[in-house]
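The next block holds one structure in the form of structure tokens; read it before the comments.
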Amino acid sequence: MSIYDTLNPEQKEAVLHTEGPLLILAGAGSGKTRVLIHRIAWLMEQGVSPWNIMAITFTNKAAGEMRQRVNNLVAQGADSVWVATFHSTCVRILRRYIGHLGFDTTFSIYDTDDQKAVMKDVCKRLNIDTKIYKERYLMSVISRAKDELISPLEMELAAGIDWQKKRLAEAYKEYQAQLRRNNALDFDDLIVKTVELFQNCPEILEAYQERFRYLMVDEYQDTNTAQFKLISLLAGKYRNLCVVGDDDQSIYKFRGANIYNILNFEQVFPDARVIKLEQNYRSTQNILNTANEVIRNNYGRKEKRLWTENEEGNPIAFRLLPNAFEEAELIIGDISHHVRNREADYQDHAILYRTNAQSRLFEEKLIMAGIPYKLIGGVNFYARREIKDILAYLKTVDNGRDEVAVRRVINVPKRGIGATTLNRVGDYAGAYGIGFYEALVRADEIPGLGRSGGKIRPFTELIEALRGKLGKTSLVDLTKELLEATGYSKELEAEGTEEAKGRLENIDELISKIAAYEESAKEPTLSGFLEEVALVADIDSLEESSNYVILMTLHSAKGLEFPYIYMAGMEEGIFPSYMSLNGENPEEDLEEERRLCYVGITRAKRELMLTAARQRMIRGQTMYNAVSRFIREIPDEYLEKGNRRERTADNPSPQKPAAWAQSKESFRAKAYEQKSITVNKASGLEYTVGDRVRHIKFGDGTVLEITEGKKDYEVKVDFDTAGVKRLFASFAKLKKL
DNA sequence: GGTTGGAAACTTTTT
DNA sequence: GTTTCCAACC
């Protein structure tokens with residue numbers, strides 16, 4: 001018996017197909033990672049050197065998991081397989097060869113904050129009114145251009161005589177110039193510059209083509225044009241390209257993901273083998289059927305239907321609550337119920353929502369209930385002010401050309417160096433064609449600085465002193481010295497507020513992270529640490545072993561699975577989001593929202609609960625949203641709208657506290673009240689909830705629910721023979737019996 | 001050059 | 001409701 005006998009026929013075919021292009025359309029939970037790691041094992045068994053195998057993912061977490069699983073599967077050589085994210089792959093290549101593009105190999109990597117700082121400066125230089133063109137807008141235009149591999153020059157040419165577009169191209173050009181001056185790349189540049197490098201230097205490309213003879217790309221549906229180009233170049237020689245993806249899980253179009261990369265793969269690679277993995281090993285039949293029904297409403301997808309041999313499972317629960325508070329209470333009550341009955345641990349539950357802002361209520365209620373939780377997303381650890389400050393110091397030590405970093409910390413803590421001084425230094429640097437930091441070093445020579453000039457010297461002396469210690473002392477000691485010498489920690493300690501305490505804790509955590517890096521890295525360097533830190537996402541910090549309820553956005557949940565999933569805020573305007581409904585192309589955006597819904601549903605292994613609130617505070621305003629259309633797309637046979645816990649309410653378990661039952665009771669009462677209000681409004685109908693009615697085709701049945709639509713009443717009837725149906729009153733012509 | 005108060009913006013998603 | 005930004009003061 002070999003390790004491959006555990007695979008199903010399609011999985012096996014995908015594993016054994018090693019030569020030439022291969023597209024694996026892997027539905028949710030169909031074991032795609034399993035296929036990838038077995039494929040790596042198989043390649044090695046066929047005599048392929050692990051050194052010639054590359055697997056690319058999007059998150060460090062996915063890469064780490066894959067590496068782990070390959071390690072477990074193959075005895076030797078797993079370490080030599082290149083398993084990395086797109087971005088870290090590019091960084092590793094660029095750190096060696098970016099000299100060919102006129103950058104220094106110590107380049108900095110700019111995050112969104114840094115980009116914004118550069119953009120602000122660009123707008124100032126070009127006299128762009130940021131009230132008309134917001135920095136964020138300009139940044140997104142530039143980012144989209146980079147995703148499509150459009151250079152500033154190409155953008156300018158494409159603009160023609162369109163003055164506004166020309167202006168955007170100008171901003172793009174200046175932004176790139178600034179980055180180059182700072183010896184920095186933004187996230188998009190990492191990909192773009194690597195493509196550029198390969199196109200400019202065929203000999204470097206060929207070396208990597210030789211190295212990566214077998215390429216595998218995970219989550220292929222999320223690749224953008226630049227990433228596709230990168231892969232195509234690498235696979236250009238041997239054409240052993242295996243991509244795994246699911247067009248139904250493409251949820252990053254807004255970030256430039258090009259869904260045609262997957263939809264047109266067979267056109268670009270006519271000899272591609274296509275294998276569909278449709279057997280799901282994760283979810284119950286009910287969950288899977290629900291997912292299938294929802295995604296069926298999308299056009300322009302590759303037809304596939306997931307099936308499973310798993311049990312039918314419980315129906316999907318839908319709960320409409322009066323407000324968001326009760327929504328949070330219901331979900332958290334359900335979770336503690338599971339844990340108290342020892343049905344599951346906290347870590348088996350994930351609460352998913354559309355926007356990060358929705359997490360607050362859940363956090364509050366979880367704290368009140370004393371339930372441990374982990375929040376994914378929101379403000380990234382490395383984006384916090386104190387962390388960015390320390391990192392900016394370290395960046396300055398590492399790369400003096402990083403003007404954004406220098407400017408960030410020159411006056412933190414306060415050194416009495418203000419805007420006027422900085423402008424003079426900036427002008428001087430510009431006039432003499434030197435870097436900003438260099439100008440600071442020569443502060444004495446700058447005219448008109450007066451006393452302020454003297455304030456600069458302690459700063460540059462500190463940086464120089466730290467620079468001199470690089471490689472001599474550990475990074476941890478260097479950082480501690482930095483905190484000491486600048487008085488950064490002291491200032492926070494003196495403040496004594498809760499907030500300051502939190503910041504100090506974060507700094508301690510940063511120091512532990514530096515220590516961990518120094519222990520684990522083969523050759524720890526400051527650049528190495530800064531690079532690692534620049535590319536981590538919040539999701540990477542998710543540990544499987546800790547017992548927490550997980551809170552995260554639907555986007556972050558992609559690729560994960562939990563026994564119990566709660567999808568909160570199933571309301572029009574929230575999910576699907578207001579933006580998608582009122583954007584430039586609502587049809588397309590709505591399909592992406594629906595895919596996001598599909599991703600959410602398919603995260604659930606055992607049970608899925610969907611919730612909505614009639615009333616909700618958004619940005620300090622009370623909103624009344626209709627129930628999400630996605631709920632209506634789920635056929636009633638899979639949905640259970642009552643109170644699933646009724647079973648336990650009728651038959652209360654001894655350890656169940658009365659308060660819990662009471663809150664459930666009150667919820668039920670309120671829900672019922674609202675229902676009867678709706679019914680009263682339905683005065684145009686001769687029947688009401690509970691009445692027996694007759695349909696010309698379906699026969700006799702009982703009215704379950706009447707909902708008021710825009711033009712018509714929607715009537716839900718439980719027919720004796722035909723089952724539960726949802727009908728429009730004007731079409732159904734129901735007769736009261 | 002630093003501090004403060006009030007207005008304005010923000011919220012779709014992130015490597 | 002919260003955070004960010006900016007103008008007017010010290």
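Proteins come first, then strands; the chains are lettered A, B, ... in the order of their sequence lines, and each starts at number 1.
Atom NZ in A:Lys134 sits roughly 13 Å away from atom P in C:dC5 (whole-Å rounding). Remark: P of B:dT12 and CZ of A:Arg136 are 8 Å apart, rounded to the nearest angstrom. Atom CD in A:Glu363 sits about 13 Å away from atom P in C:dT2, given to the nearest Å. Atom NZ in A:Lys116 sits roughly 17 Å away from atom P in B:dT14 (whole-Å rounding). As rounded to whole Å, 21 Å separates atom P of B:dT14 from atom CG of A:Asp189. In this structure, A:Arg616 places its CZ atom 16 Å from P of C:dG1, rounding to the nearest Å. Look at CG on A:Leu352: it is 15 Å from C1' on B:dT12, rounded to the nearest Å. Separating the OH atom of A:Tyr353 from the C1' atom of B:dT12 is a distance of 13 Å, rounded to the nearest angstrom.
Listed nucleotides: B:dG2, B:dT14, B:dG1. Nearest to the side chain of A:Asn411: B:dG2. Comparing atom distances between the A:Thr420 side chain and each of B:dT14, B:dT12, B:dG1 picks out B:dG1 as nearest. The side chain of A:Thr59 has B:dT15 as its nearest neighbour among B:dT13, C:dG1, B:dT15. Listed nucleotides B:dT12, B:dT13, B:dG2 differ in distance to A:His555; the shortest reach to its side chain belongs to B:dT13. For A:Lys414, taking side-chain heavy atoms from C-beta onward, the closest of the listed nucleotides B:dG2, B:dT14, C:dT2 is B:dG2. Of the candidates B:dT13, B:dT11, C:dT2, C:dT2 carries the atom nearest the A:Arg360 side chain, counting heavy atoms from C-beta on.
Here A:Arg614 does not pair with A:Glu571 in a salt bridge; the nearest charged N to carboxylate O distance is not below 4.0 Å.
Using C1' as the reference atom, B:dT12 and C:dC5 are 23 Å apart when rounded to the nearest Å.
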Would you please test A:Arg92 and A:Glu531 for salt bridge (charged side-chain N to carboxylate O under 4.0 Å, His left out) and show each step? CA-CA 10 Å; A:Arg92 274 161 82 178; A:Glu531 170 183 320; over 6 Å; no

What verdict does the salt bridge (charged side-chain N to carboxylate O under 4.0 Å, His left out) test give for A:Lys501 and A:Glu493, after you've listed the backbone C-alpha separation in whole Å, the side-chain angles of each residue and the deciding distance to 0.1 Å? CA-CA 7 Å; A:Lys501 268 184 207 157; A:Glu493 278 159 25; over 6 Å; no

Can you list the steps and then say if A:Glu364 with A:Arg360 is a salt bridge (charged side-chain N to carboxylate O under 4.0 Å, His left out)? CA-CA 6 Å; A:Glu364 281 170 19; A:Arg360 255 200 46 226; 3.2 Å; yes

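For A:Ile618 and A:Gln115, each mapped to the nucleotide of DNA chain B holding its nearest heavy atom, the one lying further toward the 5' end belongs to A:Ile618. When each of A:Gly416 and A:Leu596 is assigned the nucleotide of DNA chain B bearing its nearest heavy atom, the one mapping closer to the 5' terminus is A:Gly416.
Backbone-only engagement by A:Phe58 is indicated by non-hydrogen atom pairs under 4.0 Å involving sugar-phosphate atoms exclusively. Residue contacts shown for A:Lys455 are absent, as no nucleic acid heavy atom lies under 4.0 Å away. At the heavy-atom level, A:Asp111 lies nowhere under 4.0 Å from the strands shown. Backbone-only engagement by A:Asn356 is indicated by non-hydrogen atom pairs under 4.0 Å involving sugar-phosphate atoms exclusively. The residue A:Ser580 sits apart from the nucleic acid: no heavy atom pair falls under 4.0 Å. A:Arg595 comes within 4.0 angstrom of no nucleic acid atom, judged by non-hydrogen atoms across all strands. As judged by a 4.0 angstrom heavy-atom cut-off over every strand, A:Lys61 is placed among residues making no nucleic acid contact.
Sorted by residue number, the members of residues 82-98 of chain A with any non-hydrogen atom under 4.0 Å from DNA chain B read A:His87. For the segment residues 249-258 of chain A, the set of residues with a heavy atom within less than 4.0 Å of an atom of DNA chain B comprises A:Tyr252, A:Phe254, A:Arg255, in numerical order.
Side-chain N/O atoms of A:Arg619 and base N/O atoms of C:dT2 include no donor-acceptor pair closer than 3.5 Å.
When all heavy atoms of A:Glu491 and A:Pro413 are compared, the closest pair comes out as OE2-CB, 3.5 Å.
The aromatic rings of A:Phe254 and A:Tyr252 are tilted relative to each other, their planes meeting at an angle between 30° and 60°.
Taking side-chain N and O atoms only, A:Ser556 has a distance below 4.0 Å to OP1 or OP2 of B:dT14. Under 4.0 angstrom from either OP1 or OP2 of B:dT13 there lies no side-chain N or O belonging to A:Thr355.
Annotation: the span from A:Arg503 atom CZ to A:Leu510 atom CG amounts to 14.0 Å, rounded to 0.5 Å.
Each of A:Glu588, A:Glu591, A:Glu592 was scored for a side-chain hydrogen bond (donor to acceptor under 3.5 Å, both in side chains) with A:Lys253, with one residue passing: A:Glu588. With A:Asp114 as the partner, the salt bridge (charged side-chain N to carboxylate O under 4.0 Å, His left out) test is satisfied by one option alone out of A:Lys395, A:Arg408, A:Lys120: A:Lys395.
For the pair A:Arg415 and A:Phe459, the cation-pi criterion (under 6.0 Å, within 45° of the ring axis) is not fulfilled.
Applying the salt bridge (charged side-chain N to carboxylate O under 4.0 Å, His left out) rule to A:Arg125 yields the partners A:Asp121; only residues at least two apart in sequence or on another chain are considered.
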